[in-house]
Structure formats: structure tokens, C-alpha cells
Amino acid sequence: MAGMNLTPSDPSIFILTGISGLETAHEWISIPFSISYIISLLGNFTLLFVVGKEQTLHKPMYLLLCMLALTDIATSTAIVPKSLCIFWFNLKGITVGGCLTQMFFLHMISIMNSAILVTMAIDRYVAICNPLRYTIFLTNARIAKLGLVGLVRAVLFSLPMPLLLRRLPFCANRIISTTFCEHIAVAKISCGDIIVNKMYGLVILFLVTVLDLTLIVLSYGLIIRAVFRISSKKANEKALNTCTAHIFVMLMYYLPGLFSNLTHRFGRGIAPHIHVILSNLYLLVPPMLNPIIYGVKTKELRDKVGKYTCRG
């Protein structure tokens with residue numbers, strides 16, 4: 001077990017420092033980490049339970065919400081337990097294999113999450129702009145197939161990252177100044193040439209974040225244009241209300257993530273703890289807020305959740 005009494009030069013492990021510069025505040029920082037994790041688990045498991053129990057919710061939109069809930073649970077679980085071990089028990093060591101495995105799953109889940117958000121944007125576009133064809137274009141089977149395609153894409157895009165890191169030499173410095181293993185953060189401590197790692201990271205940033213975000217912006221641009229053409233004020237408000245929740249989720253996920261990725265590569269003047277805090281916010285806040293936002297904004301889901309939580 002990698003934990004206490006480890007030296008930075010031990011070839012079998014890396015050292016995760018936590019939030020560099022704020023070590024004395026680790027115990028206090030662990031409180032929001034713990035709270036966000038508990039809320040994330042409760043909210044997302046509740047969503048999965050309610051959708052699973054209610055036949056009326058077995059629709060494409062709710063199937064997408066279940067996929068999003070699963071990725072949210074996986075994201076939080078991949079980073080919070082290890083972070084709390086660092087904050088509470090000073091267990092900073094992580095095996096090289098464990099680090100690469102965590103990194104692979106984190107990037108894979110993140111790319112999968114992005115694919116789900118794109119599919120949700122397409123789902124809303126068809127529902128609002130072509131409602132008569134919605135049941136033809138978007139069935140549960142088709143959504144499941146799109147989810148499978150997203151998963152395959154996520155695996156194929158993420159797999160080269162640990163393989164590229166495996167080829168790098170790691171010398172005396174094996175200290176990673178963060179709470180979890182991230183591709184560029186691990187590459188930066190290598191004493192070898194990491195130009196291929198940097199280029200691949202930028203390619204993935206473009207193919208996933210930039211391309212997916214462009215598709216989402218295009219979809220919601222068309223949706224907003226269609227909404228303002230609706231003559232019924234009530235229908236107009238309903239469509240805008242649904243879109244507001246989705247757009248907020250998209251912004252909450254992509255903007256911190258994009259900013260975190262860019263500052264990791266180009267923000268040399270930014271304090272190290274800012275990098276770490278941004279990276280953690282990008283991975284912790286959306287899983288906590290997603291089920292709350294959709295639970296509040298989606299009346300059908302809100303009513304079904306109330307049915308179970310208020311029972312008795």
C-alpha cells in the first residue's frame with residue numbers, strides 16, 4: 001500500500017501533494033470535498049432510482065440523464081476518496097499503475113460526459129424544433145447506441161494517454177502538485193521529452209471540448225431562434241425554461257474545464273493552487289449540481305422524486 005514513509009525518489013510510486021501552498025488548510029478544504037461528494041452520490045443515485053422505478057420516465061431524455069448521473073458518480077468516486085486520504089491522513093503516495101489507471105478513467109469519463117451533453121443538446125433540438133418527428137428520430141434504442149458510440153470514442157481517445165506516459169522516464173522528481181493524476185500534470189514531472197504528450201493533449205482538447213462545445217452552441221442557437229418564433233407565450237416560456245437548465249449545465253461543465261486545461265498549458269503566471277482548485281471545481285461541482293438542477297427544472301422528474309421522498 002502506497003501511503004506513509006515514502007520518498008519522492010521511490011521508483012514505484014508518485015507523490016500527490018494535495019493543494020500546494022494550502023497544506024495547512026487541508027482539513028478545512030476536506031469539508032466542502034466531503035459535502036459535495038455526499039450530495040453528488042445522494043442526488044445521482046436518487047435520480048437513477050426514480051427513473052428506474054417509474055415506467056413513465058423511460059424516455060430518451062431521462063435515459064440521457066441516467067447516463068449523465070453514472071458519469072457524475074464515477075467522476076466523484078475517482079477523485080474524492082484519494083483526496084480525502086491526502087487531506088485527513090497525509091497518504092500522498094500512489095503507485096505508478098494506480099496513477100495511470102486513475103488518469104485513464106478520469107479522462108475517459110470526462111470525454112464520455114461531453115458526448116452525453118452533445119446528445120442532450122441534439123435531443124432538445126429535435127424535441128423543440130421538430131417535435132412531430134421526435135419519437136421517430138430519438139428512441140431509447142437509438143440513445144443507447146449513441147451512448148455506446150460515445151463510450152467507444154472515450155476509450156479510444158483516452159487509451160493513448162497512459163501509453164504515452166509509460167514511455168517517459170521519471171527521474172528524481174516524482175511529486176505531482178495536485179490531488180489526482182491528470183495527463184499533463186504527470187507528464188510535466190518527467191525528465192524526458194513531453195512534446196508528443198502536449199500535442200496529443202491539445203488534439204484531444206480540440207476534438208472533444210472545442211468541437212463538442214461548437215455543436216452544443218449551434219444546437220442551442222437553433223433552439224433559441226425556434227423558440228422566439230413560437231407564437232404561444234406559454235409554450236415559449238416552457239421551452240426557454242428547459243433550455244436554461246441545459247445551458248447552465250453546459251456552461252458549468254465546459255468553461256471551468258476549458259480554463260483549467262488552458263492554464264495548465266499556458267498560465268505560467270498563475271499560482272499552482274489556483275490550477276488545482278480549478279481542476280477540482282471542474283470535476284466536483286457539476287456532479288453535485290446536475291441532479292439538483294434537473295430535479296428542479298424538470299417538472300415530471302420533480303413530481304416523481306417528490307412522490308418517493310415525501311412518501312409517508
Side-chain angles (χ1 to χ4, degrees), residues 14 67-68 71-72 74-75 78-79 96-97 99-122 145-170 176-221 249-270 272 274-276 278-283 286:
F14 291 129
M67 291 181 186
L68 189 65
T71 60
D72 285 344
T75 301
I79 63 171
V96 173
C99 182
L100 296 182
T101 300
Q102 183 192 50
M103 185 207 64
F104 168 74
F105 278 106
L106 276 176
H107 285 285
M108 184 193 73
I109 295 163
S110 180
I111 295 170
M112 180 64 189
N113 196 302
S114 186
I116 294 168
L117 293 178
V118 172
T119 310
M120 289 175 73
I122 295 170
K145 289 176 183 176
L146 288 172
L148 182 60
V149 170
L151 180 61
V152 171
R153 182 188 78 150
V155 171
L156 292 177
F157 281 0
S158 302
L159 192 57
M161 294 182 186
L163 298 179
L164 287 171
L165 287 173
R166 273 288 186 189
R167 70 181 180 84
L168 293 175
F170 292 93
I176 306 169
S177 300
T178 183
T179 57
F180 59 90
C181 292
E182 195 267 342
H183 178 235
I184 291 300
V186 178
K188 279 183 176 180
I189 68 170
S190 170
C191 51
D193 184 5
I194 64 169
I195 186 65
V196 176
N197 299 74
K198 286 183 175 180
M199 292 301 297
Y200 187 74
L202 286 173
V203 168
I204 294 300
L205 183 65
F206 176 79
L207 289 178
V208 177
T209 305
V210 176
L211 189 59
D212 287 2
L213 188 55
T214 301
L215 290 172
I216 289 169
V217 169
L218 179 62
S219 296
Y220 280 102
V249 168
M250 310 296 174
L251 292 174
M252 187 175 61
Y253 178 76
Y254 283 106
L255 292 184
L258 189 60
F259 189 69
S260 174
N261 274 292
L262 292 176
T263 53
H264 239 310
R265 290 168 173 82
F266 309 112
R268 294 183 181 178
I270 298 176
I274 299 297
H275 286 292
V276 181
L278 281 173
S279 297
N280 280 285
L281 285 176
Y282 156 60
L283 293 171

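In this chain, residues are counted from 1 in sequence order.
- Interatomic distance, CD of Glu182 versus OH of Tyr282, reported as 9.0 Å (0.5 Å rounding).
- Thr71 places a side-chain N or O within donor-acceptor distance of the main-chain N or O of Leu68, the cut-off being under 3.5 Å.
- Two residues are said to be in side-chain contact when any heavy atoms from C-beta on lie closer than 4.5 Å; Pro162 and Met103 meet this criterion.
- The heavy-atom pair separating Gly150 from Ala115 by the smallest distance is CA-CB, 4.0 Å.
- The OH atom of Tyr200 lies 7.5 Å from the CG atom of Leu164; values are rounded to the nearest 0.5 Å.
- Scored by the side-chain contact (heavy atoms from CB on, under 4.5 Å) test, Thr179 finds Ile19, Ser83, Phe87, Val276, Asn280 as partners (sequence neighbours excluded).
- Judged by distance alone, the side chain of Ser110 and the main-chain N or O of Leu106 form no donor-acceptor pair under 3.5 Å.
- With contacts defined as side-chain heavy-atom distances shorter than 4.5 Å, the pair Cys99/Val186 qualifies.
- Taking CE of Met112 as the reference point, atom CD1 of Ile109 lies at 10.5 Å (rounded to 0.5 Å).
- Taking all atoms of both residues into account, the shortest heavy-atom contact from Leu207 to Leu211 is O-CB, 3.3 Å.
- For residues 145-169, every residue pair satisfying the side chain to side chain donor-acceptor pair (under 3.5 Å) rule, not counting sequence neighbours, is listed here: Arg153-Asp212, Arg167-Asn197.
- Rounding to the nearest 0.5 Å places CD1 of Ile111 at 8.5 Å from OG1 of Thr209.
- A distance of 9.0 Å separates CE in Met67 from CG in Leu148, rounded to the nearest 0.5 Å.
- Looking at residues two or more places apart in sequence or on another chain, you find no ring-ring contact (aromatic ring centres under 6.0 Å, His included) involving Tyr254.
- Here the CD1-CZ distance, from Ile176 to Phe170, works out to 7.5 Å after rounding to the nearest 0.5 Å.
- Residues Met161 and Phe104 are not in side-chain contact: their nearest non-hydrogen atoms beyond the backbone lie 4.5 Å or more apart.
- Nearest heavy atom pair, residue Ala121 against residue Ile216, reads CB-CG1, 4.1 Å.
- Under a 3.5 Å cut-off, the side chain of His183 and the backbone N or O of Gly201 do not form any donor-acceptor pair.
- Put simply, the side chain of Ser219 never gets that close to the backbone of Ile122: no donor and acceptor are under 3.5 Å apart.
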